[in-house]
Amino acid sequence: MFARIRRLLSQFFSKSRTINNEPLNKVSLIVIILIDIFILFNVFTGLDDISRWYISPTEAYPCYSEWQDYRTKTTKDKDYEIVRLSLPSDTNNQLSFQRNYQQAEVGHLGKVSKTCLQYADYKDKINNPEKQQLIRNIDQEQAKISTFEQENRTIQAQYDSTLLEKIAGQGREQSINQVSAEKAKQALQQNNRQISTFKQEISTLKNELLGKAESISFIAFLKDNNQFREVDKGYHQASFWYPSIQLAFQALFLLPLIIVALSVHKFAQRRGYGLISLISWHLLVIFFIPLIIKIFEFLQIGAIFKFIFDIISVIFVGLLFLINYVYILMIPIIGFGIIQFFQKFVFNAKVQAASRVQKSRCVNCAKKIQHLDTYCPHCGYDQYIECQNCHNLTYKHLSYCKHCGTSQDSSNL
């Protein structure tokens with residue numbers, strides 16, 4: 001196996017840095033590398049763009065996050081908080097919630113959930129000048145409370161200090177504080193009464209806001225379990241399949257490039273166009289790199305990963321680290337399979353030699369040679385090997401002797 005890997009790597013680097021079996025000069029090598037970097041950057045940019053072509057789960061179900069947070073909250077003000085999100089402070093030139101959700105469909109495949117559009121419609125009905133004014137009133141009252149609370153913290157600090165001075169028997173004229181302990185206590189009590197009044201006013205305003213017909217309808221919609229289950233199920237299904245859809249689109253982007261590069265490379269090899277063959281080989285490698293990376297990303301976050309993760313979660317509850325062992329075992333097996341595939345079908349010496357002998361080409365470098373040439377004039381490779389049965393010279397890497405038809409030993413092929 002290691003000998004095959006070494007031979008593959010040797011062929012790879014030989015193809016990547018030679019033209020007609022002659023090494024590239026330094027300037028040409030730098031130019032090729034710069035071209036590779038530029039193309040690789042644009043390939044990844046294209047992959048990123050096409051991976052966003054299909055609408056994402058968060059764009060297809062934009063209401064899911066807010067709705068899920070609302071259902072998991074246990075605070076008494078959660079109704080007010082969800083209604084408050086429907087009343088943004090800046091309303092200038094702002095799209096409606098429904099239009100904003102539908103913007104995700106522009107230039108993308110897929111549709112936004114109808115339930116989420118209905119969710120947005122409820123929010124749009126809440127968002128009107130009357131309720132905006134209620135929110136401003138609540139914010140003003142809250143600002144007053146913050147002012148009094150800050151004043152209380154300052155007074156409390158002075159009160160504690162003057163109380164200590166009083167206990168220590170220090171005279172008023174020697175105090176560093178502007179307010180006596182008695183006055184500080186009175187100010188604190190008065191401020192606390194004001195704060196309590198403002199909190200009561202805020203509570204009244206909140207109840208007024210939640211008592212509006214639009215708010216009541218929205219809260220009732222949020223508490224509808226059937227509606228939420230539909231969104232929850234759709235969101236999780238979309239999240240499950242989204243990595244697979246992304247990989248399909250990325251492969252759709254890369255496969256035409258790979259096919260074109262491979263076709264040009266084979267054509268250039270047949271015609272002996274060394275520079276075109278080299279550049280097309282580099283392009284082929286560059287197009288394969290992101291494809292392999294995206295496949296490994298898919299194995300980490302795609303449907304296969306989720307399937308394995310779910311199985312391990314059921315069998316080994318709490319031992320999810322075992323999934324790393326699965327990948328440690330699985331990735332080398334996949335890598336070995338890829339190597340075997342390329343070794344057997346792409347870089348198979350027997351397949352290549354059979355095709356090259358039929359076309360009177362060198363079995364090593366594929367350059368055109370004369371029918372009786374023992375050595376390739378281009379790369380110096382010996383074309384023949386002695387048959388173990390009749391001891392005549394027969395072609396290397398072919399399965400049978402051309403004189404007696406005896407099968408050749410696999411070690412010599």
> Measuring from atom CG of Leu255 to atom CG of Leu262, what distance do you get when rounded to the nearest 0.5 angstrom?
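It is 11.5 Å, given to the nearest 0.5 Å.
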
> Output yes when a side-chain donor or acceptor of Arg356 lies under 3.5 Å from a complementary backbone atom of Val363, and no otherwise.
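Looks like yes, one N/O pair under 3.5 Å.
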
> Not counting sequence neighbours, list each pair that qualifies as a side chain to side chain donor-acceptor pair (under 3.5 Å) and has a residue in residues 48-58.
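Non-adjacent pairs meeting side chain to side chain donor-acceptor pair (under 3.5 Å): Asp48-Arg52, Ser56-Thr58, Ser56-Glu59.
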
> Show the numbers, then the answer: is there a salt bridge (charged side-chain N to carboxylate O under 4.0 Å, His left out) between Lys212 and Glu130?
CA-CA 10 Å; Lys212 298 294 183 181; Glu130 180 189 3; 2.5 Å; yes

> Should we say atom CZ of Arg99 is surrounded by more than 12 heavy atoms from elsewhere, each under 6.0 Å from it?
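Count not over threshold, so no.
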
> Could you give me the CA-CA distance, side-chain angles and deciding distance for Lys144 and Glu149, then say whether salt bridge (charged side-chain N to carboxylate O under 4.0 Å, His left out) is met?
CA-CA 9 Å; Lys144 293 176 183 178; Glu149 286 177 342; over 6 Å; no

> Hey, does the side chain of His265 reach the backbone of Ala261 with a donor-acceptor pair shorter than 3.5 angstrom?
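It does not hold such a pair.
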
> Apply ring-ring contact (aromatic ring centres under 6.0 Å, His included) to Tyr122 and list each qualifying residue two or more places apart in sequence or on a separate chain.
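Tyr122 satisfies ring-ring contact (aromatic ring centres under 6.0 Å, His included) with Phe221 only.
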
> How long is the straight-line distance from NZ of Lys123 back to OG of Ser96, given to the nearest 0.5 Å?
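Going from OG on Ser96 over to NZ on Lys123, the span is 11.5 Å.
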
> Report yes or no: do Gln150 and Arg153 form a side-chain donor-acceptor pair below 3.5 Å?
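Arg153 and Gln150 do have a side-chain donor-acceptor pair below 3.5 Å.
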
> Hey, is the main chain of Leu188 close enough, under 3.5 Å, to the side chain of Asn191 for a donor-acceptor pair?
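The answer is no, because no donor-acceptor pair under 3.5 Å joins these two groups.
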
> Do you know the tightest heavy-atom contact between Phe253 and Gly46?
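Where Phe253 meets Gly46 most closely, the heavy atoms are CZ-CA, 3.9 Å.
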
> Is any side-chain heavy atom of Ile39 closer than 4.5 Å to one of Phe287?
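Heavy-atom side-chain distance check passes, below 4.5 Å.
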
> Using ring centroids (six-membered ring only for Trp), state whether Tyr119 and Phe218 fall under 6.0 Å.
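When the ring centroids of Phe218 and Tyr119 are compared, they turn out to be within the sub-6.0 Å range.
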
> Return yes if some donor-acceptor pair links the side-chain N/O of His282 with the main-chain N/O of Ser280 below 3.5 Å, else return no.
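No; judged by distance alone, with no hydrogens or angles, the pair does not exist.
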
> What do the steps show when you test Thr394 against Tyr384 for side-chain contact (heavy atoms from CB on, under 4.5 Å), and what is the final call?
CA-CA 5 Å; Thr394 186; Tyr384 299 97; 5.8 Å; no

> Taking the side chain from Asp224 and the backbone from Ala220, do they hold a donor-acceptor pair closer than 3.5 Å?
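Checking the backbone N and O of Ala220 against the side chain of Asp224, no donor-acceptor pair under 3.5 Å is found.
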
> For Asn127 and Gln132, run side-chain hydrogen bond (donor to acceptor under 3.5 Å, both in side chains): C-alpha distance rounded to whole Å, both residues' side-chain angles, the deciding distance at 0.1 Å, then the answer.
CA-CA 7 Å; Asn127 189 15; Gln132 288 284 353; 2.7 Å; yes

> Taking side chain as C-beta onward, heavy atoms only, is Arg361 less than 4.5 Å from Lys367?
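SC-SC contact between Arg361 and Lys367 ruled out.
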
> I want to check a possible cation-pi pair here: Lys402 against Tyr395, using under 6.0 Å from ring centre and within 45° of the ring axis as the test.
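Yes, a cation-pi geometry holds between Lys402 and Tyr395.
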
> Kindly check if the number of other-residue, nucleotide or ligand heavy atoms within 6.0 Å of CD (Gln189) is above 12?
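Yes - once you tally the heavy atoms of other residues, nucleotides and ligands closer than 6.0 Å, there are more than 12.
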
> Under 6.0 Å between ring centres, would you say that holds for Tyr375 and Tyr381?
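Here the rings of Tyr381 and Tyr375 have centres that are no less than 6.0 Å from each other.
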
> Could you tell me if the side chain of Leu40 sits less than 4.5 Å from the side chain of Pro290, heavy atoms only?
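Pro290 vs Leu40: side chains touch.
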
> Quick one: ring-ring contact (aromatic ring centres under 6.0 Å, His included) partners of Tyr70, sequence neighbours excluded?
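So Tyr70 forms no ring-ring contact (aromatic ring centres under 6.0 Å, His included) with any residue.
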
> Taking C-beta and beyond as the side chain, do Ser399 and Ser407 meet within less than 4.5 Å on heavy atoms?
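Sidechains of Ser407 and Ser399: no contact.
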
> Apply side chain to side chain contact (heavy atoms under 4.5 Å, CB included) to Ile293 and list each qualifying residue two or more places apart in sequence or on a separate chain.
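Ile293 satisfies side chain to side chain contact (heavy atoms under 4.5 Å, CB included) with Phe44, Ile289, Glu297 only.
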
> Once rounded to the nearest 0.5 Å, what's the spacing between atom CG of Asp36 and atom CG of Leu283?
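Spacing of CG (Asp36) from CG (Leu283) equals 7.5 Å.
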
> May I have the list of side-chain donor-acceptor pairs in residues 81-88 shorter than 3.5 Å, sequence neighbours left out?
| unit_1 | atom_1 | unit_2 | atom_2 | d |
| --- | --- | --- | --- | --- |
| Glu81 | OE1 | Lys73 | NZ | 2.8 |
| Arg84 | NH1 | Tyr80 | OH | 2.9 |
| Arg84 | NH1 | Asp139 | OD1 | 3.2 |
| Arg84 | NH2 | Asp139 | OD1 | 3.0 |
| Arg84 | NH2 | Asp139 | OD2 | 3.0 |

> Less than 3.5 Å apart, any donor N or O on the side chain of Arg136 or Gln133 sitting next to an acceptor on the other?
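Judged by distance alone, the side chains do pair up.
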
> Rounded to the nearest 0.5 Å, what's the gap from CG on Asp373 to NE2 on His378? Could you check?
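Spacing of CG (Asp373) from NE2 (His378) equals 8.5 Å.
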
> State which residues pass side chain to side chain donor-acceptor pair (under 3.5 Å) with Asn226; sequence neighbours excluded, sorted by chain then number.
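So Asn226 forms a side chain to side chain donor-acceptor pair (under 3.5 Å) with Arg229.
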
> Set out, in order, the CA-CA distance, both residues' side-chain angles and the distance that settles side-chain contact (heavy atoms from CB on, under 4.5 Å) for Ile258 and Phe288, then state yes or no.
CA-CA 7 Å; Ile258 291 171; Phe288 262 110; 3.8 Å; yes

> Determine whether a donor-acceptor pair (N or O, by modelled atom type, separation under 3.5 Å) exists between the side chain of Lys368 and the backbone of Lys359.
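Here the side-chain-to-backbone pair exists.
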
> Could you tell me whether the side chain of His397 and the main chain of Ala354 form a donor-acceptor pair under 3.5 Å?
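Such a contact is absent between His397 side chain and Ala354 backbone.
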
> Quick one: CD on Glu141 to NZ on Lys206, what's the gap to the nearest 0.5 Å?
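The distance works out to 12.0 Å.
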
> Got a donor-acceptor contact below 3.5 angstrom from the Asn128 side chain to the Lys131 backbone?
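The answer is yes, because a donor-acceptor pair under 3.5 Å joins these two groups.
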
> Can you find a pair of side-chain heavy atoms, one from Val112 and one from Pro62, that are under 4.5 Å apart?
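Sidechains of Pro62 and Val112: in contact.
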
> Classify the ring geometry of His236 against Tyr64: parallel below 30°, tilted from 30° to 60°, perpendicular beyond 60°.
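Because their plane-to-plane angle is over 60°, the rings of His236 and Tyr64 count as perpendicular.
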
> Using a strict SG to SG cutoff of under 2.5 Å, would you count Cys362 and Cys379 as disulfide-linked?
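No, because the SG atoms of Cys362 and Cys379 are not under 2.5 Å apart, which misses the disulfide cut-off.
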
> Donor-acceptor check, side chain of Gln98 to backbone of Ala120, threshold 3.5 angstrom: yes or no?
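No; zero donor-acceptor contacts below 3.5 Å.
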
> State whether the side chain of Thr72 and the backbone N or O of Gln68 hold a donor-acceptor pair below 3.5 Å, judged by distance alone.
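Yes, because the side chain of Thr72 sits within donor-acceptor range (under 3.5 Å) of the backbone of Gln68.
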
> Give, for atom OG1 of Thr154 and atom CD of Glu151, the distance between the pair rounded to the nearest 0.5 Å.
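Going from the OG1 atom of Thr154 to the CD atom of Glu151 covers 7.5 Å.
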
> For the residue pair Pro377 and Ile369, what are the closest heavy atoms and their distance?
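Where Pro377 meets Ile369 most closely, the heavy atoms are CD-CG2, 3.6 Å.
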
> Please report the shortest heavy-atom distance between Ala238 and Tyr61, naming the atom on each side.
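Shortest heavy-atom contact: CB-CE1, 4.1 Å.
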
> Side chains of Leu393 and Ile385: closer than 4.5 Å at any heavy-atom pair?
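Result no, sub-4.5 Å side-chain heavy-atom pair not found.
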
> Could you give me the CA-CA distance, side-chain angles and deciding distance for Gln250 and Leu291, then say whether side-chain contact (heavy atoms from CB on, under 4.5 Å) is met?
CA-CA 8 Å; Gln250 289 164 347; Leu291 180 61; over 6 Å; no

> Do Arg71 and Asn225 come within less than 4.5 Å of each other through their side chains, counting heavy atoms only?
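Side-chain contact under 4.5 Å: yes.
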
> On a heavy-atom basis, which atom in Ile55 and which in Gly110 lie closest, and how many Å separate them?
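Nearest heavy atoms, Ile55 then Gly110: CG2-CA, 3.7 Å.
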
> Is there a side-chain contact between Asn192 and Asn152 (heavy atoms, below 4.5 Å)?
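Of all side-chain heavy-atom pairs linking Asn152 with Asn192, at least one is under 4.5 Å.
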
> With side-chain contact (heavy atoms from CB on, under 4.5 Å) as the test, would you mind laying out the steps for Trp67 and Gln227 before giving the verdict?
CA-CA 10 Å; Trp67 206 341; Gln227 297 282 7; 3.6 Å; yes

